[in-house]
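Take a look at the structure below.
Not measured: the values here are computed from a predicted model.
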Amino acid sequence: MDFQLSDDQRALRSGMRDLLGAVFDRDRLRAAVERDGALDRSLWRELGAAGFFALRLPEEAGGVGLGLPEAVLLFEEAGRALLPGPLVATHLAAGLVKGAAEGEAVVTAVAGELPVAHLAEADAVLVGNDALARDPLVGEALRAFVAAARPVRSMDPLTPLHRAPADAERAPAASERTRADAERAPAATERAPAHAGRFRFEAALLTAAEQLGSAARTTEAAVQHAGEREQFGSPIGSFQAVKHLCADMLARTEPARAAVYAAAVTGDPVEIAAAKLLADEAAVRNARDCLQIHGGMGFTWEADVHLHLKRAWLRAASWLTGAGAEELLAAGLGTVGRLPRSSAAYGRPVREAGGGG
């Protein structure tokens, strides 16, 4: 059995990296920081035109017709580039919310008790763990929801946050129109079966892919800096302590990569939990080690290292927390009772967090 990426998958990943390098380079990243994370609608439409949001829609519905493994590759590249915005929610809303697939609509999500990302700019809000089975908030309902929410300070300058109203998850069940739209959304397959918690677990997996991309990027940045920065007449990368830090970063990134890619193939909730746990650890700890290797300049506003660390902290609390992932893994191993490897597994309650996006 061959677990290597296919030529088409490599081309897809390379194409997305080239696109992001052209439309969201470092100058545009820093411009987004200066805007306090306000979304660039033209960039959103560029992503839509490239098929980022419609990747998993069937071709007959105007999508690309690919699957979770390919989506993971695109979100990994988005994580590398620190691409801002509720990418996960908009991707999952393609086929459900008008304009989401084309990048004409910005969709965010409420899940759990953490603040909601990019609420003020959203054209629709998905509510709850079973968001695909409910009507999204749009129009007057959305305006009332936004008016009742209150802004809160965000640790990530690229992710503005709002605290949702206390009864946010009491959304109505899906209407006939919404159910019809949902049928055009990415179809359930043997690799990603239909289930009540499918939305939340796919969101957790795509967030893990973003964490993986960030972990890989901070590893590269640390190695590059260690090779260029000299101290006592030698590159700091020649010192054993720095070598160990860089090696540890790689040793965290590659197991996380294997876990994320495997979970994308199986769609299994326990494997998704493992992938999220490993990717969160890799993203947070790699960003901290990268900052350590950069020394005093790593703490400065002008350096990009702190942006990776702050985003990694925010993602780690989103969709599936470390505690929730550990509970799922423990149950899957039989230490807390056997967790069925079926669609019913997605309905098991675990500790979670929101911060949808």
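Not one N or O on the side chain of E228 forms a donor-acceptor pair closer than 3.5 Å with the backbone of H225. A side-chain donor-acceptor contact under 3.5 Å links R311 to the backbone of L83. A donor-acceptor pair under 3.5 Å is formed between the side chain of W44 and the backbone N or O of A105. Looking only at distances, a side-chain donor or acceptor of T218 sits under 3.5 Å from a matching main-chain atom of A215. Using modelled atom types, one side-chain atom of T321 and one backbone atom of G324 make a donor-acceptor pair closer than 3.5 Å. Side chain of H118 to main chain of T108: no donor-acceptor pair is present (N/O by atom type, distance under 3.5 Å, no hydrogens or angles). Between the side chain of H294 and the main chain of C290, a donor-acceptor pair closer than 3.5 Å is present. Distance alone, capped at 3.5 Å, is enough to place a donor-acceptor pair between the E121 side chain and the L39 backbone. When atom types are taken as modelled, the side chain of T90 and the backbone of L87 share no donor-acceptor pair closer than 3.5 angstrom.
Between A117 and T159 the shortest heavy-atom distance is CB-CG2, 3.7 Å. In this structure, V305 and A287 approach most closely via the heavy-atom pair CG1-O, 3.7 Å. When all heavy atoms of A54 and G62 are compared, the closest pair comes out as CB-O, 4.4 Å. In this structure, V110 and A164 approach most closely via the heavy-atom pair CG1-CB, 4.4 Å. Here the closest non-hydrogen pair linking E34 and W301 is OE2-NE1, 3.9 Å. Closest of all the heavy-atom pairs between A81 and F24 is O-CE2, 3.4 Å.
By the 4.5 Å heavy-atom criterion applied to side chains, W313 and M155 are counted as neighbours. Between L92 and R56 there is a side-chain heavy-atom pair separated by less than 4.5 Å. Taking 4.5 Å as the limit, every side-chain heavy atom of P136 sits out of range of all side-chain heavy atoms of V127. Here the side chains of E77 and L73 are not in contact, with every heavy-atom distance at 4.5 Å or above. A heavy-atom distance below 4.5 Å is not found between the side chains of L161 and V116. In this structure, P157 and D36 have side chains that are not in contact, with every pair of non-hydrogen atoms separated by 4.5 Å or more. P115 has its side chain out of reach of H162: every pair of non-hydrogen atoms, C-beta onward, lies at least 4.5 Å apart. Side-chain contact check for M16 versus L19: some heavy-atom pair is nearer than 4.5 Å.
In terms of hydrophobic clustering, with Ile, Leu, Val, Met, Phe, Trp and Tyr side chains grouped at heavy-atom distances under 4.5 Å, L55 and V106 are assigned to a common cluster. A continuous path of Ile, Leu, Val, Met, Phe, Trp and Tyr side chains, each step under 4.5 Å between heavy atoms, connects V23 with L158, placing both in one hydrophobic cluster. Under a hydrophobic clustering in which Ile, Leu, Val, Met, Phe, Trp and Tyr are joined whenever their side-chain heavy atoms come within less than 4.5 Å, directly or via other members, L205 and F201 fall into the same cluster. Taking hydrophobic clusters as Ile, Leu, Val, Met, Phe, Trp and Tyr residues chained together by side-chain heavy-atom distances below 4.5 Å, L5 shares a cluster with L12. Hydrophobic clustering (side-chain heavy atoms under 4.5 Å, transitive across Ile, Leu, Val, Met, Phe, Trp, Tyr) groups L66 together with V72.
From E327, atom CD reaches atom CG of L320 across 9.5 Å, with rounding to the nearest 0.5 Å. Rounding to the nearest 0.5 Å gives a distance of 14.0 Å between NE2 of H244 and CZ of F239. Taking CG of L96 as the start and CG of L126 as the end, the distance is 6.0 Å to the nearest 0.5 Å. The line from CG of L29 to CG of D25 is 9.0 Å long, rounded to the nearest 0.5 Å. To the nearest 0.5 Å, atom CG of residue L206 and atom CG of residue L212 are 12.0 Å apart. The CZ atom of R35 sits 9.5 Å away from the CZ atom of R28 when rounded to the nearest 0.5 Å.
No option in R13, R17, R257 other than R257 meets the side-chain hydrogen bond (donor to acceptor under 3.5 Å, both in side chains) test with E76. Between N286 and the choices R252, Q211, R217, the side-chain hydrogen bond (donor to acceptor under 3.5 Å, both in side chains) rule is met once, by R252.
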Practice prompt. May I have the step-by-step check of side-chain contact (heavy atoms from CB on, under 4.5 Å) for C246 and I293, ending in yes or no?
Written response: CA-CA 9 Å; C246 292; I293 290 170; 3.6 Å; yes
Discussion item. Let's go through L142 and V125 carefully: what are the C-alpha distance in whole Å and the side-chain angles of both, what is the deciding distance for side-chain contact (heavy atoms from CB on, under 4.5 Å) to 0.1 Å, and is it a yes or a no?
Written reply: CA-CA 7 Å; L142 173 62; V125 176; 3.4 Å; yes
Worksheet entry | side-chain contact (heavy atoms from CB on, under 4.5 Å) assessment of L329 paired with L277 | CA-CA 10 Å; L329 287 169; L277 198 62; 3.7 Å; yes
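Side-chain contact, Q9 with Y261: no donor N or O sits under 3.5 Å from an acceptor N or O. Side-chain polar atoms of S214 and H308 form a donor-acceptor pair below 3.5 angstrom. Between the side chains of S42 and D40, at least one donor N or O lies within less than 3.5 Å of an accepting N or O.
Using a 4.0 Å cut-off between charged side-chain N and carboxylate O, K98 and D123 make no salt bridge. Between D280 and K276, at least one side-chain N (NZ, or NE/NH1/NH2) sits under 4.0 Å from a carboxylate O, which counts as a salt bridge. Using a 4.0 Å cut-off between charged nitrogen and carboxylate oxygen, R80 and E220 count as a salt-bridge pair.
In this structure, the ring of F199 has its center less than 6.0 angstrom from the ring center of W319.
Using the six-membered ring where Trp is involved, F75 and F52 have ring planes that are tilted, between 30° and 60° apart.
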